[in-house]
Structures are given as C-alpha cells and as structure tokens.
There are 2 protein chains.
Amino acid sequence: MARAATTSDPFNAVAEPRRRQILTFLAGNEHDVTEIVVAVGLDQPSVSKHLGVLRRVGLVRVRRNGRHRLYRTNAQALKPMHDWTESFERFWHHQLQSVKERAERTQAKIDRSGPSRP
Amino acid sequence: MARAATTSDPFNAVAEPRRRQILTFLAGNEHDVTEIVVAVGLDQPSVSKHLGVLRRVGLVRVRRNGRHRLYRTNAQALKPMHDWTESFERFWHHQLQSVKERAERTQAKIDRSGPSRP
DNA sequence: TTGACATATTCCCATATAAGAATGTATTGT
DNA sequence: ACAATACATTCTTATATGGGAATATGTCAA
C-alpha cells in the first residue's frame with residue numbers, strides 16, 4: 001500500500017515541489033491558469049491537475065470570471081502544517097543552544113591554554 | 001515521472017503519516033527501534049525502512065549502544081518546513097482578519113435593524 | 001564458538017502518481 | 001450560430017513507493 005492520498009492530506013499535497021511553487025505564486029494575488037502556466041513553466045493540463053489537487057485539499061480557492069478561473073492560495077489551510085512543525089521548535093532551540101554552549105566551552109579551553117605559538 | 005524522491009526532500013519524507021508519528025515520538029527522547037515498533041504499531045522491517053528514509057534526509061540521528069540503535073529527531077531539519085509555512089502567515093492573518101471584519105459589519109447591520117421580533 | 005537478540009536489507013507486489021497526448025466543455029466575441 | 005479562447009478531464013505509461021515475508025548482519029552473553 002502507498003501513502004495517504006494527496007487529495008486528502010495537505011502534507012502530501014505539498015510534498016510535490018511544483019505545487020509548493022504554485023502556492024507561493026498564488027499567495028497574495030489571484031491569477032488565472034494561463035498566468036500560472038507561464039509562471040511555473042509547465043504545460044496547461046499539468047497545471048490544471050495540480051490545481052485540482054490543491055483545490056481538493058483546500059489549499060487554493062477558485063473564482064470564475066468569464067472564461068477565466070482565478071485561483072488564490074488559501075493560506076489558512078497551511079496553518080496545520082505550521083503548527084505541526086512549530087511543535088518541534090523548542091527542540092531545535094535546545095539543539096542550537098547545545099551547539100553554542102559546546103563551542104563556548106571549546107573556546108574557553110583554547111583561551112586557557114594560552115596564546116597560540118608557531 | 002513521479003515526485004522528488006522521499007530520500008532527498010524533507011517535505012516528501014514527512015508526507016508519510018507514519019513518519020510524522022515517528023518524528024513526534026522521537027522528539028525530546030531517544031528510543032531504540034523496538035520501542036518505536038511498539039509505539040507506532042508497525043512491524044520491525046517497516047519501521048527500519050521509515051527510519052532509513054528519515055535518516056537519509058537528516059530528520060533523525062542515530063547512536064549505537066551495544067546492539068541497540070538509539071534514534072532521536074533532529075528538529076533542526078524541520079526548520080525549513082516551518083520557515084516555508086511561516087512565509088504564508090501574514091496571508092492567513094489577513095484572511096482571518098477579513099472574516100472577522102465581515103462578521104462585525106454584519107453584526108452592526110443587525111444591530112441597526114433594531115431588536116429582533118418573532 | 002554458539003545462540004539469542006536487535007536491526008537492516010532484499011525481493012516481490014499492489015497502488016499512487018506525475019507527465020504527456022488527445023479530447024471534452026464552457027464562455028465570449030462577431 | 002460559429003470560431004476562438006480558457007480550462008478540465010481522460011487515457012496511457014514510466015516510476016516511486018509501502019508493506020509483507022524472508023533473509024542477512026551485528027553484537028552480546030554463556
């Protein structure tokens with residue numbers, strides 16, 4: 001069996017680099033499909049399929065305007081990912097702190113050993 | 001072609017729910033493989049394979065202790081994901097703000113229309 | 001050395017995709 | 001109504017897994 005469907009899991013939907021690229025492009029401003037095609041350098045059907053995935057997991061919203069469809073990133077749908085990664089924040093702080101302290105101890109040792117000589 | 005290899009992209013490595021589960025379990029405390037097997041309810045070979053993926057992308061570190069291998073989450077490797085999602089933070093704030101303002105306008109309209117009646 | 005225990009690796013298979021090509025479907029302008 | 005424009009969908013195919021089973025590797029204890 002393979003992993004959970006990209007169509008139901010934001011983590012999986014975002015695992016595809018092109019889709020991240022699209023989400024970044026659509027953050028802030030609406031764009032129609034043709035503009036997205038130009039921006040990401042993929043053919044139109046591929047873009048439409050990626051947009052379909054993003055739409056099904058709620059990562060983008062669509063609005064119709066004549067024969068154009070205007071897409072934009074629904075940033076709120078990324079908040080769960082942000083929250084999940086954030087739950088590790090205190091650990092990477094710990095680790096960075098450890099590295100820093102070790103470096104300081106090492107430096108102190110060097111200092112105590114007196115001036116370096118050729 | 002399929003997506004970027006799970007072995008080279010942290011986003012993709014984390015797309016698998018079991019691996020997220022493992023990372024959460026290994027955050028803060030070291031655990032050997034048998035403990036992980038019990039914690040996530042998978043068979044040992046599957047766990048070892050997931051750990052292999054996580055190790056190759058740097059999301060976990062290993063330390064050998066006798067015949068045991070102690071794994072722990074390398075939280076720092078999650079920071080890029082945190083940063084990426086965070087770049088959308090101002091947009092979801094905007095959107096939440098819009099929702100809030102619309103609600104307030106609606107409420108004001110209701111208030112102006114006078115007390116409700118049966 | 002032998003055996004038990006802890007892990008990793010390999011092989012096989014079913015499934016999920018992503019890209020590419022071709023085709024279908026609206027919607028607008030004339 | 002008709003052609004053109006803008007997208008979506010379907011079909012096919014090559015590839016990447018994830019799980020299960022079996023097996024290999026490594027390390028400690030007696």
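Below, read A as the first sequence line, B as the second, and so on, with proteins coming before strands; counting in each chain starts at 1.
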S.K.: Please tell me if T34(A) has a side-chain N or O lying less than 4.0 Å from either OP1 or OP2 of dT5(D).
M.R.: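 Checking T34(A) against dT5(D): no side-chain N or O falls below 4.0 Å of OP1 or OP2.
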S.K.: On the side chain of Q44(A), is there an atom forming a donor-acceptor pair with the base of dA8(D) - under 3.5 Å, no angle test?
M.R.: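 Such a pair exists between side chain and base.
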S.K.: Could you grab the distance from atom CZ of R18(A) to atom CG of L23(A), nearest 0.5 Å is fine?
M.R.: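 CG of L23(A) is found 13.5 Å from CZ of R18(A).
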S.K.: Between dG29(C) atom C1' and H68(A) atom NE2, what is the distance in whole Å?
M.R.: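 Rounded to the whole Å, the gap is 12 Å.
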S.K.: Quickly work out the E16(B) CD to dA16(C) P distance and round it to whole Å.
M.R.: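 The answer, rounded to whole Å, is 13 Å.
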S.K.: Could you check which of dG18(D), dT7(C), dA8(D) has an atom nearest any side-chain atom of P45(A)?
M.R.: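 It is dA8(D).
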S.K.: Is the distance from OP1 or OP2 of dG18(D) to the nearest side-chain N or O of R19(B) less than 4.0 Å?
M.R.: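 Affirmative; the distance criterion is met.
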S.K.: Take atom NZ of K49(A) and atom C1' of dA21(C), then tell me their distance rounded to the nearest Å.
M.R.: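 Interatomic distance, NZ of K49(A) to C1' of dA21(C): 9 Å.
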S.K.: Any chance you could measure W92(A), atom CH2, to E86(A), atom CD, to the nearest 0.5 Å?
M.R.: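 CD of E86(A) is found 7.0 Å from CH2 of W92(A).
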S.K.: Please tell me if Y71(A) has a side-chain N or O lying less than 4.0 Å from either OP1 or OP2 of dA8(D).
M.R.: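 Yes, within the criterion.
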S.K.: Return no unless some side-chain N or O of R64(B) is found under 4.0 Å from OP1 or OP2 of dT27(D).
M.R.: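 Checking R64(B) against dT27(D): at least one side-chain N or O falls below 4.0 Å of OP1 or OP2.
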S.K.: For S48(A), report the nucleic acid contact type (base, sugar-phosphate, nothing); a contact means any heavy atom under 4.0 Å.
M.R.: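 Touches a base.
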S.K.: What is the distance from CD of E35(B) to P of dC5(C), rounded to the nearest Å?
M.R.: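 So the CD-P distance, E35(B) to dC5(C), works out to 17 Å.
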S.K.: H31(B) NE2 to dA6(C) P: how many Å, rounded?
M.R.: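 In whole Å, dA6(C) P and H31(B) NE2 are 16 Å from each other.
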S.K.: Is a side-chain N or O of T85(B) found less than 3.5 angstrom from the main chain of M81(B), in a donor-acceptor match?
M.R.: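 Looks like yes, one N/O pair under 3.5 Å.
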S.K.: Can you tell me the distance, in whole Å, between the CZ atom of R69(B) and the P atom of dC28(D)?
M.R.: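 So the two atoms are 12 Å apart, to the nearest Å.
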S.K.: Check whether any side-chain N or O of H50(B) sits under 4.0 Å from OP1 or OP2 of dG19(D), and answer yes or no.
M.R.: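 Yes, such a contact exists.
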S.K.: Could you tell me the separation between the CG atom of D32(B) and the C1' atom of dA8(C), rounded to a whole number of Å?
M.R.: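 About 14 Å, once rounded to whole Å.
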S.K.: What's the CG-C1' distance between D43(B) and dT7(C), to the nearest Å?
M.R.: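 Roughly 13 Å, once rounded to whole Å.
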S.K.: State, with a plain yes or no, whether a side-chain heavy atom of I36(B) is found less than 4.5 Å away from one of V47(B).
M.R.: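 They are in side-chain contact.
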S.K.: Start at the 5' end of DNA chain D and walk down; is the nucleotide closest to G52(A) or to R67(A) reached first?
M.R.: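 Looking at the nearest nucleotide for each, R67(A) comes out on the 5' side.
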S.K.: Report yes if the side chains of T24(A) and F88(B) come closer than 4.5 Å at any heavy-atom pair, otherwise no.
M.R.: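 Sidechains of F88(B) and T24(A): in contact.
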